[in-house]
Amino acid sequence: MVTPADTVDVPGIPLPDRRLRRHQRLTSTADFEATYAQGKSCAARTLVMWLHHGPGASLRLGVVASRVIGNAIKRARAKRRLREAWRLNRNRFHGEVDVVLVARRSILTASWQDVNDDLIKLARKAKMIE
RNA sequence: GGCAGGGGGCGUUCGGUCGCUCCGGUCUAAGCGAAAGCCGGCCGGGGAGGAAAGUCCGGACUCCAAAGGGCGGAACGCCGGUGCCUAACAAGCCCGGGGAUUUCCUGUUAAAGGGAAGUCACGGAAAGUGCCACAGAGACGAUACCGCCACAACUUGGCCGAAAGGCCGGGAUGUGGUAAGGGUGAAAAGGUGGUGUAAGAGACCACCGGGCGGAAAGCAAUGACCGCCGCAUGGUAAACCCCGUUCGGAGCAAGAUCAAAUAGGAAACCUGAGGUGGCCCGCCUCGUGUUGUCGCGAAAGCGGCACGCGGUUUCGGGUUGAUCGCUUAGAUAAAUGACUGAUCCCGUUCGCGGGAAACAUAAUCCGGCUUAUGCCCUCUGCCUUUC
RNA sequence: GCGCCUGUAGCCUAAUGGACAAGGCAUCUGACUUCGGAUCAGAAGAUUACAGGUUCGACUCCUGUCAGGCGCG
């Protein structure tokens, strides 16, 4: 289980790499369609995780927030939370897999800790984390 | 103090760590690349709004070669403005003015007149067509149900009289006059008062309203005021329509460049093709060929027609990526978040907890409008409390 | 970016500018039944999305909002 200490800076310990650059993201329509075509997904209360195994897969992230989430403010907020949760936990994951995270409506009202726990739970289900 | 409305302003604190994006500088081990460079490190700087929204309007900009006339279509319609916008005009918006109209108060016998608040998509109803339900006698070049009045003939009652007859009535019928009154309606060819009359009526008179003409003033719309007209053509154009003005179309997924991939096929129809759009006309551009044929010519060649090229429709194949456009924000599955410190506010069991917001995220740019929303200032109206 | 459509009782639909906005399903009440269903009879339920305007009169016409939906590139 993730603890608050994992997301808080601890003095004296060198920080791991927590960057999430453009080349670590899924940026083309073809990437998303290939992910949906494999059809592997699992859901939690605040998000849905789609998995894409294949050559070149290197823990790249794509985020999706559809119109049912709300207006542009709410969609941007949902995508920011998904990106932040992935960025802070990415070095704990492993495997040759790309991931598309789809926001659900309850991500707007859930606490930050709940979103984090849901991501860890789905990653454990996908065997990306011990 | 509270509520509602109008106007104006601001839209919310200062740091740290990690992370995102763009720009500039600098360094670069490995990897990729012909190179520039990509990736990566460090330093410095920039990084959503008043509405970014809705997309209701207008413009810039781009392409359709240029963008003419008519029909059709759309939008707009009082006047002015050194306002916004623009090279400039029209339209739109804004500001001011004029006029009309609704509600309330005042005023009047009733009107007129005066005041406050609001609304106006404010050219034309004597160019034409349509519609005006129900009610009502009558609803548009208006009508006559009840009623009122006159006359004619009939019938009947009372009184007077010796009688003939006379006087006072009643009933119903017919002819004519009338539009004052009743009643219907949103609306009945002006309103109130009087004169007049058989009864009445702008028939006539006074005031008010209306129409026409002139006109002080005003840039103008308009219009103080004066004269004339007894008053004539009800409403509806946010019904069709008429008049005037303006408008070519599509839109940054516009469009330009580069690279890659695929295709460069089939069928039917047309015979100059295209610009050309909803349609037509005119105009403009291109008009090729070892082709055929006809005519002219000594020849070069010119002209006509046909065919090919070509055009339209359908089917089939294909429909990817990058750069520019693009910005002192400039992304492209789309950038502001997580944690934490200070400061301020609220609550507190004095350990601390909560909050720093609401509405709402640029996508080529600019302007207007509308809508959403927190706080502050100011004005108006109403209610409550105190003096 | 451009273009278009819809909003009527809880739901689905009607209504030429003209009286209290009509019908079906659903709801409620009563009858029938031992009880329920079906059936029969009756009742209730609408500020016609909102605001304004035109008109004597608006669900209808016009304007502006709000909400929802569709199409094209």
Side-chain angles (χ1 to χ4, degrees):
Chain A
M1 223 27 163
V2 69
T3 62
D6 291 326
T7 57
V8 175
D9 299 330
V10 179
I13 299 175
L15 289 168
D17 185 16
R18 287 177 177 164
R19 290 170 301 187
L20 185 64
R21 306 306 289 256
R22 178 61 57 193
H23 63 90
Q24 295 166 327
R25 303 278 302 279
L26 295 179
T27 57
S28 74
T29 307
D31 292 337
F32 282 82
E33 286 177 349
T35 303
Y36 297 146
Q38 288 197 355
K40 296 177 187 170
S41 66
C42 49
R45 197 168 55 85
T46 60
L47 57 95
V48 181
M49 176 185 280
W50 291 75
L51 301 171
H52 177 249
H53 298 275
S58 55
L59 290 177
R60 291 181 299 177
L61 173 68
V63 293
V64 169
S66 74
R67 273 174 65 188
V68 300
I69 298 296
N71 55 22
I73 290 283
K74 293 175 182 171
R75 294 198 300 270
R77 176 169 158 79
K79 287 191 283 189
R80 279 197 300 261
R81 299 189 87 165
L82 290 178
R83 270 202 311 274
E84 187 69 10
W86 179 265
R87 181 180 73 82
L88 293 175
N89 292 294
R90 183 172 182 269
N91 53 6
R92 297 154 58 95
F93 300 151
H94 54 81
E96 292 203 348
V97 60
D98 290 334
V99 167
V100 172
L101 296 181
V102 180
R104 309 185 76 179
R105 192 194 290 270
S106 59
I107 198 173
L108 299 174
T109 54
S111 69
W112 168 248
Q113 190 65 50
D114 290 340
V115 176
N116 224 345
D117 290 346
D118 281 346
L119 178 64
I120 297 295
K121 189 174 74 179
L122 293 181
R124 200 181 305 278
K125 209 169 178 179
K127 303 196 187 315
M128 293 161 56
I129 188 172
E130 294 307 318

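All chains are named by letter (A, B, ...) in the order of the sequence lines, taking the proteins before the strands, and each is independently numbered beginning at 1. Quick caveat: nothing in here was measured; it's all calculated off a predicted structure.
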> Paired with rC241(B) by Watson-Crick or G-U wobble geometry, both distances under 3.5 Å: which nucleotide is it?
Replying inline: rG124(B)
>> Applying a 4.0 Å non-hydrogen cut-off, can you work out what Val64(A) is touching in the nucleic acid: base, sugar-phosphate, or nothing?
In response: base
> Arg25(A) has an atom CZ; how far is it from atom C1' of rA333(B), in whole Å?
Replying inline: 8 Å
> Are Arg77(A) and Ile107(A) close enough, and set up right, to give a side chain to side chain contact (heavy atoms under 4.5 Å, CB included), and what steps lead you there?
Replying inline: CA-CA 9 Å; Arg77(A) 176 169 158 79; Ile107(A) 198 173; over 6 Å; no
>> What is the distance, to the nearest angstrom, from the CD atom on Glu84(A) to the C1' atom on rA335(B)?
In response: 13 Å
> Base of rA65(B) relative to its sugar, syn (within 90° of 0) or anti?
Replying inline: anti
>> Please report the interatomic distance CG(Leu82(A)) to CE(Met49(A)), rounded to the nearest 0.5 Å.
In response: 10.0 Å
>> If I pick the C1' atom on rA238(B) and the same atom on rC61(C), what distance separates them, to the nearest angstrom?
In response: 6 Å
>> Would you measure the distance from the P atom in rG234(B) across to the matching atom in rG190(B) and give it in whole Å?
In response: 10 Å
> If we take the C1' atom in both rG45(B) and rG49(B), what is their distance in whole Å?
Replying inline: 23 Å
> Roughly how many Å is it from CZ in Arg77(A) to P in rA334(B), rounded to a whole number?
Replying inline: 18 Å
> Should rG351(B) form a Watson-Crick or G-U wobble pair with both distances under 3.5 Å, which nucleotide is its partner?
Replying inline: none
>> Let me confirm one number: the NZ-SG distance from Lys121(A) to Cys42(A), rounded to the nearest 0.5 Å.
In response: 9.5 Å
> OP1, OP2 of rA334(B) versus side-chain N and O of Arg83(A): anything below 4.0 Å?
Replying inline: yes
> Counting side-chain heavy atoms from CB outward, which of rU361(B), rA334(B), rG337(B) is closest to Arg87(A)?
Replying inline: rG337(B)
> For the pair made of CG in Leu101(A) and P in rA334(B), what is the distance, rounded to whole Å?
Replying inline: 12 Å
> Does any nucleotide pair with rC131(B) by Watson-Crick or G-U wobble geometry, both distances under 3.5 Å, and what is it?
Replying inline: rG235(B)
> Looking at the angle O4'-C1'-N9-C4 for a purine or O4'-C1'-N1-C2 for a pyrimidine, is rG351(B) syn or anti, with syn meaning within 90° of 0?
Replying inline: syn
> Which stems does RNA chain C form, counting runs of 3 or more consecutive Watson-Crick or G-U wobble pairs with both distances under 3.5 Å?
Replying inline: C:1-7 with C:66-72, C:10-13 with C:22-25, C:27-31 with C:39-43, C:49-53 with C:61-65
> When the P atoms of rU16(C) and rU29(C) are considered, how many whole Å apart are they?
Replying inline: 37 Å
> So, do His52(A) and Val100(A) sit near enough that their side-chain heavy atoms are less than 4.5 Å apart?
Replying inline: no
>> On RNA chain B, does the nearest nucleotide to Val63(A) precede the nearest nucleotide to Ala76(A) from the 5' side, or the other way round? Give the residue.
In response: Val63(A)
> Taking O4'-C1'-N9-C4 for purines and O4'-C1'-N1-C2 for pyrimidines, is rG277(B) syn (within 90° of 0) or anti?
Replying inline: syn
>> Tell me which nucleotide, if any, is Watson-Crick or G-U wobble paired with rC3(B) when both distances must be under 3.5 Å.
In response: rG381(B)
>> With a 3.5 Å limit on both atom pairs, tell me what rA306(B) is paired to, counting Watson-Crick and G-U wobble, or say none.
In response: rU291(B)
> When the P atoms of rG185(B) and rG24(C) are considered, how many whole Å apart are they?
Replying inline: 35 Å
> Which of these, Leu47(A), Leu26(A), Val102(A), sits in a side-chain contact (heavy atoms from CB on, under 4.5 Å) with Val64(A)?
Replying inline: Val102(A)
> Expressed in whole Å, how much space separates the P atoms belonging to rC228(B) and rA221(B)?
Replying inline: 27 Å
> Which base, if any, makes a Watson-Crick or G-U wobble pair with rC339(B), both distances under 3.5 Å?
Replying inline: rG16(B)
> Donor-acceptor pair, Arg104(A) side chain versus Ala44(A) backbone, under 3.5 Å?
Replying inline: yes
>> Can you check the distance between rG251(B) and rC72(C), where both ends of the measurement are the P atom (answer in whole Å)?
In response: 15 Å
>> Can you tell me whether the base of rG69(B) sits syn or anti, using the 90° cut around 0 to define syn?
In response: anti
>> Closer than 4.0 angstrom, basic N to acidic O: yes or no for Glu84(A) and Arg81(A)?
In response: no
> Looking only at atom types and distance, does a side-chain atom of Arg90(A) sit under 3.5 Å from a main-chain N or O of Leu59(A), one as donor and one as acceptor?
Replying inline: yes
> What is the base-pairing partner of rU197(B), counting Watson-Crick and G-U wobble geometry with both distances under 3.5 Å?
Replying inline: none
> Whole Å only: how far is the CZ atom of Arg80(A) from the C1' atom of rU21(B)?
Replying inline: 14 Å
>> Under 4.0 Å, counting only non-hydrogen atoms across every strand here, what does Ile73(A) touch: a base, just sugar-phosphate, or nothing?
In response: base
>> Please give the distance between the P atoms of rG157(B) and rG182(B) as a whole number of Å.
In response: 39 Å
> What's the spacing between Leu101(A) CG and Leu122(A) CG if we round to 0.5 Å?
Replying inline: 8.5 Å
> Is the glycosidic torsion of rC105(B) within 90° of 0, making it syn, or is it anti?
Replying inline: anti
> What is the distance from NZ of Lys74(A) to P of rU361(B), rounded to the nearest Å?
Replying inline: 9 Å
> How close or far is atom C1' of rC20(B) from atom CH2 of Trp86(A), stated in whole angstroms?
Replying inline: 17 Å
>> Angle between ring planes, Phe93(A) versus Trp86(A), binned at 30° and 60°: parallel, tilted or perpendicular?
In response: tilted
> Which whole-number value in Å describes the distance from Lys79(A) NZ to rU361(B) C1'?
Replying inline: 11 Å
> Does any nucleotide pair with rA357(B) by Watson-Crick or G-U wobble geometry, both distances under 3.5 Å, and what is it?
Replying inline: none
